[in-house]
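In this text the structure is predicted, and so the values were computed from the model without any measurement.
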Amino acid sequence: QVQLVESGGGLVQAGGSLRVSCAASGRTFTQYAMGWFRQAPGKEREFVAAISWGGSTTYYADSVKGRFTISRDNAKNTVYLQMNIVKPEDTAVYYCAIRRSPWLIQKYEQIHEYDYWGQGTQVTVSS
């Protein structure tokens, strides 16, 4: 099995910055895309960002464009989400996921396109 472990969540002030990480271990694939999703209380899980295996292609939800940056370090099997100028509405449990394809061409924002998920890390933004 593939195991994904998120870390770096916590409490941050509005306007501040936070970086969450996700490390993959176990039976990881040679090449795979990764994504970040989040779920706020009372809301459905939503797409945040995704990155291809090579890192050349990235996508962001409109709500986080210009503020969040996704990146990865394949040598460490780790994906990062740098969150800048955070807002109270960014408060959510953040989940990372693996898509068993090295590319992100379409349907990258759909939950069912991802094969493995972490347990999430809580990010709380205070105002």
Kindly compute the distance separating [atom1] ([X]) from [atom2] ([Y]), expressed to the nearest 0.5 Å.
X      : Y      : atom1 : atom2 : answer
Gln13  : Ser127 : CD    : OG    : 8.5 Å
Ser101 : Gln106 : OG    : CD    : 10.0 Å
Leu104 : Glu109 : CG    : CD    : 10.5 Å
Cys96  : Tyr114 : SG    : OH    : 11.0 Å
Met34  : Trp53  : CE    : CH2   : 10.0 Å
Thr124 : Leu11  : OG1   : CG    : 6.0 Å

Where is the tightest heavy-atom contact between [X] and [Y], given as atom of each residue plus distance?
X     : Y      : answer
Leu81 : Ala49  : CD1-CB, 4.2 Å
Ser21 : Thr78  : CB-CG2, 4.4 Å
Val93 : Gln122 : CG2-OE1, 3.2 Å
Pro88 : Val125 : N-CG1, 3.7 Å
Ile98 : Ala24  : CD1-CB, 4.1 Å

Treating Ile, Leu, Val, Met, Phe, Trp and Tyr as nodes and any side-chain heavy-atom pair under 4.5 angstrom as an edge, say whether [X] and [Y] lie in one connected cluster.
X     : Y     : value
Ile51 : Val48 : yes
Val12 : Tyr95 : no
Met83 : Phe37 : no

Going by side chain to side chain donor-acceptor pair (under 3.5 Å), Gln110 matches just one of Lys107, His112, Glu113. Which one?
His112
Can any side-chain N or O of [X] pair as donor or acceptor with the backbone N or O of [Y] at less than 3.5 Å?
X     : Y      : result
Ser17 : Asn84  : no
Arg72 : Gly54  : no
Glu6  : Gln119 : yes

Can you tell whether the side chains of Asp62 and Lys65 come within less than 4.0 Å, N to carboxylate O?
yes
Is there a side-chain contact (heavy atoms from CB on, under 4.5 Å) between Arg38 and Thr91? Walk through the geometry before answering.
CA-CA 9 Å; Arg38 67 185 183 185; Thr91 294; over 6 Å; no
Whether Arg45 engages the ring of Trp117 as a cation-pi pair (distance to the six-membered ring centre under 6.0 angstrom, angle to the ring normal within 45°) should be assessed.
yes
Is there side-chain contact between Val123 and Val20, with at least one heavy-atom pair below 4.5 Å?
yes
Do Trp103 and Thr57 touch side chain to side chain, with heavy atoms closer than 4.5 Å?
no
Side chains of Tyr32 and Arg100: do they bring a donor and an acceptor to under 3.5 Å?
no
With ring centroids as reference points, do Phe47 and Tyr60 lie under 6.0 angstrom apart?
no
By the definition side chain to side chain contact (heavy atoms under 4.5 Å, CB included), identify the one residue from Tyr80, Trp36, Tyr59 that meets it with Ile70.
Trp36
